[in-house]
Structures are given as C-alpha cells and as structure tokens.
Q: 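Got a structure for you, written out below as structure tokens; questions coming shortly.
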Number of protein chains: 2
Amino acid sequence: VTTRDMAGTPRWEQAAIVGVGLIGGSIGLALRRAGAARQIIGVGRSAANLQRAIACGAIDQLVLESAGELPEVDLVIVCTPVDHVAKHVAWWARSAAQGALVTDAGSTKARIVSEVDAQLQKENPRQARFIGSHPLAGSEKTGVEHSRENLFDGRVVVITPTEHTPPSAVEEVQTLWTSLGASVISMSPAAHDEAVAATSHLPHVIASALAAVTPPDLLRLVAGGWLDTTRVAAGDVSLWQQILLENRDPVLTALAKLENELHSWRRALEQRDVAAVEALLQQGKTIRDAVGN
Amino acid sequence: VTTRDMAGTPRWEQAAIVGVGLIGGSIGLALRRAGAARQIIGVGRSAANLQRAIACGAIDQLVLESAGELPEVDLVIVCTPVDHVAKHVAWWARSAAQGALVTDAGSTKARIVSEVDAQLQKENPRQARFIGSHPLAGSEKTGVEHSRENLFDGRVVVITPTEHTPPSAVEEVQTLWTSLGASVISMSPAAHDEAVAATSHLPHVIASALAAVTPPDLLRLVAGGWLDTTRVAAGDVSLWQQILLENRDPVLTALAKLENELHSWRRALEQRDVAAVEALLQQGKTIRDAVGN
C-alpha cells in the first residue's frame, strides 16, 4: 500500500525526511497514509532513533548524517531544530535528485529562507527547488514515538515563497501538504515570522512566565484555567530557546504589545474602574469567541 | 432514588440552592446523585431559569427570590455572583431551619466571609451555622443547561473557617463536598484569596490580554498553543469583572510578579542571552511538569 495518486502511482519516488522527531515522523506516517511516496528515507545522527522511526512505520529506510549524501530522492523535507535548518537544506539539496523539491518545517522563516536562497543562488548543482514551509501543528510532546499520521489533518501549513522560488515548487509543495491533510496559506517569510510571534511564540513566553510565578505550594489548588493557560510551558526547553531567539525581534514587538495591555489592566484595577475592566475582558472574549474551542 | 447515606436516609431533609447556574445546577445534580438531600429547592429571580433547572433535574422545586423566605431547609448553598453572596447568605440564613448549615460557592472569600460573620454576630435568629466554600471547578460555559453531576468529581473545594465558625459546620460542610465528589482543603479567607489570585485570577487576566493583542486577521493561523493559553478568555465578562475587582489587591500583587517575570524575559531576549532564556523556560517547565495535564 505504498502507491496512490490520480494515476495510481505515488507523486514522489523517494522522499527524505531529515530529522525524524514528532514532526518528521508524522510527515512519514502521513506520506505513507496518502501513498504519496514510494519510499521514505529517514536521515539523522542517531541510528537508534532512526531504528525507532522504522519500528513506528514512519520511515522505510535510514541514512546516517555522517554518510553525507542521499540516494536520488525527489523530495527532501528538513525537520531539524531551526538553528540547523538552513545548513541541512543547503547540504542535502546538493545530493538529491536533479530538480528535487526541498522544503523544511521550521517554526521561523525569515533567516532560514534568506540563507537558503543565498546559498542556492551561489551553488545549486542539482537545480534543487526550495520553498520554506511551517506546519502549524505540534504538541508539547516530542519524539518520533508520539508521531501521528493525522497530525496535519485540518491544520494550516504556511508556505513562504520568495522572488527566488520557482512557481513549480509552490505548486508541488501545496500538493505535498494537502496530501498530508493540511490546508496551505502563502505569506512572505517576514510576515510569517511576525504572525507566529503573536500566535505561537508570545503564548509560549506567557505560559512559561505564568507557570514560573506560581508558588509551588499552591499547585494543589490549580484547576482548568491555570492548566490550560500554562499547558505549552511543558514544551522542550532547547527547542523553544532556539525558536524564541531566532525570532527575537518579532517576539519582542509582540511582548511589548502585551506589556502595554497588562499596563491597561493594572491601571483599570488600581482605579477600580468597572467599565474599563469590563471593556478589557470583552476585547479578549470577542477575539477568543471568534475562533471557537 | 433520592435517599442514601450510611443509614439509608439522606443527610439533609431539604437543601436550598440560591442562584441556579452552572455551579448551583451541578450542586443540585451531584446532591441528587449522592442521595444526600430528600428535596432540592432552587431559589432565584427568574422563574424561567428555575423551570429550566427543574427540567434538567437539578432541582425539585422552585422558590422565587421575591417570596423572601424559605421552607425549613437545613442546608443553604448560595451560588450567586460574588457581589451578592454576603447579602444572600445573611438574608436566607434568617428563614432557614433552626441551626441550618449555610455556605456559599463564591470565588473570593475575605470580604464575603467577614461581612457574613459580622452580620450573623449581630443578628442570627435561627442560629444558622455559616462557613465559606469555594469549589475549584467551573467552565468557560455558564448556565444551568451546562450543569453536570460530575463537575466536582476529583476537584478541590477550599473551605474558609474563621474564629466564628462552629466546629460542627466545618465537619458538615466537609461531608457535603465530599459527598459531591470533591476533596476539601481548609485555609483562612485571606490565604485563599491570595492563592486563587495566583492560580485562577491572574491566568484569566493573562488569557484575556493575550487574546486581546492578537490581530484578528491572524486568527486563521492559531493552533493548539494559542487556543489553550487563551481558552478562559471566553468566560463571562460580568462574572469575571466582579471577581477581579472583588479580589483586586491580591490580583495586583500577582500581576506585579508576572510583570517582573516578563521584564526578565525582555532583558534575556534583548541581550540574546541563551542561558537566561533557557533558565526562564526551565523554571516554567519544572512547575508545569509538576502538575501534569
């Protein structure tokens, strides 16, 4: 059951997933579910982790990073931590099949995309076609053992084409994410980074700060509100350190807006201003209600 | 199936629930499940709402507030918004059965309890025995139609005895909440208010502020993190305005701690201080991990 598309054959012959954790593993499982790739190759540093990925059914075959080159894959998806994405994309693009589609799953885009574009402008022996992606899916759980074939179902993937992106890559990456169950939105890398600073990175900072200031002896009193509001604070520390510093400027801008809002809260409470407190609560409720659960 | 306890008879003959919304309705359903009261009377301003409560099975009978007095109930639980709790407790205590247990479900305790204690010291014709309660359960959904008999299962109820509380009331209110599925923690009213400022009220302010600063055109990009972190912002505006202003001073203290924490975040990000960002994330993760999901 590895082959299926309109014509009954898989869209890609061989797909390489570089970095097989939660996201990479779920891409493997979802590619398999869609029958979109004839063979799925996992690339990484740790043979033990890649063996686990094979056991989970996320990949068919493994290539160690130290091998330094890939078989003739026509699709490369780099799912490493953001610090390493640009380097990996440029590296594996050199050894993929001629004209392969290369994308990534990094949570920030501006630096990654500009570095990759610059490197491929300089040297692109196989005419790899790169476009940045960011699937807005994930979990506070990490590791290939938490992979799910439905992780992207109903989720949004932002793709970030630039003036250097071949139009065929835009089309092909849309096919990719759509076949994995997601819907696709296209934005510039900079607009993406500002957007996720507000919708993902700032919530992480806030959740973390809120958990950190809760006196441990009061934890027996927490209920649904605290549990929901702090949930993402359980996320992987080094992953989030990288994301937040990588996207530092947009995160600082979003944080400044929040600090202003909290200043309005402080003033309204200090002045016992019923109307102001209600207005602040109503602003938050209106936006939250617009989304649903 | 309205009667059951160790001896096969209900603990209370008649229970009055004043204010039958989510909490009051759930208390009715849980009392019924436990067979802890022979009859459950709902008290309120709106006949239509009380009729809905009867239809839900949350109460057996209704008494309109305008009636001004109760049958000979031996248990009164006041579940009105915090602004009105003290007034209702003092009022209905005057017309309950001799020595009735009277409690409330208000989210703040210091002012309510001191007002009620003072009023009952002055005038307590039926020797009502009052003790404050706060069930740490709820939902961003309100209204009797969302009541559930299991709302208190596994939850914590804080009770707040004072020097004026008869020891028999402490024991009896523990029986009450335990029979509804909860476990009971006893604290002073002031300690309770400081605790919930940190564990419930501050998370509400934060969730609301975070939702409010999210540009509406980015809502199509929100995923699990934002949804969790902002969930409670959907709560009832006037209910939360009352809670936050009622507990203003402890909330401002908790808010100041969070503002300091965000200041540390700002500094760490501005200085691109990897170790500081990791330390901040780790503090939040350690506390969040101590609780579980």
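Residue numbering restarts at 1 for every chain, and letters A, B, ... go by the order of the sequence lines.
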Q: Would you list the pairs meeting salt bridge (charged side-chain N to carboxylate O under 4.0 Å, His left out) in which at least one residue belongs to residues 239-254 of chain A, sequence neighbours left out?
A: A:Arg111-A:Glu246
Q: Non-hydrogen atoms of chain A under 4.5 Å away: do they reach the side chain of B:Val237, the backbone, both or neither?
A: both
Q: Give a yes or no answer on whether the side chain of B:Arg288 reaches the backbone of A:Leu227 with a donor-acceptor pair at less than 3.5 Å.
A: yes
Q: Considering only heavy atoms, which portion of A:Glu278 lies under 4.5 Å from any heavy atom of chain B: side chain, backbone, both, or neither?
A: both
Q: Is A:Ala256 in contact with chain B via its backbone, its side chain, both, or neither, using a 4.5 Å heavy-atom distance?
A: both
Q: Contact part of B:Gln242 toward chain A, heavy-atom cut-off under 4.5 Å: side chain, backbone, both or neither?
A: neither
Q: Using non-hydrogen atoms only, which part of B:Val196 is less than 4.5 Å away from chain A: side chain, backbone, both, or neither?
A: neither
Q: Which atoms of A:Arg220 are under 4.5 Å from chain B, going by heavy atoms: the side chain, the backbone, both sets, or neither?
A: both
Q: Given that the side chain runs from C-beta out, which part of B:Ser264 has a heavy atom under 4.5 Å from chain A: side chain, backbone, both or neither?
A: neither
Q: Quick one: what part of A:Leu136 sits under 4.5 Å from any heavy atom of chain B, side chain, backbone, both or neither?
A: both
Q: Counting only non-hydrogen atoms closer than 4.5 Å, does A:Val158 touch chain B with its backbone (N, CA, C, O), its side chain (CB onward), both, or neither?
A: side chain
Q: So which part of B:Val156 gets closer than 4.5 Å to some heavy atom of chain A, the side chain, the backbone, both or neither?
A: side chain
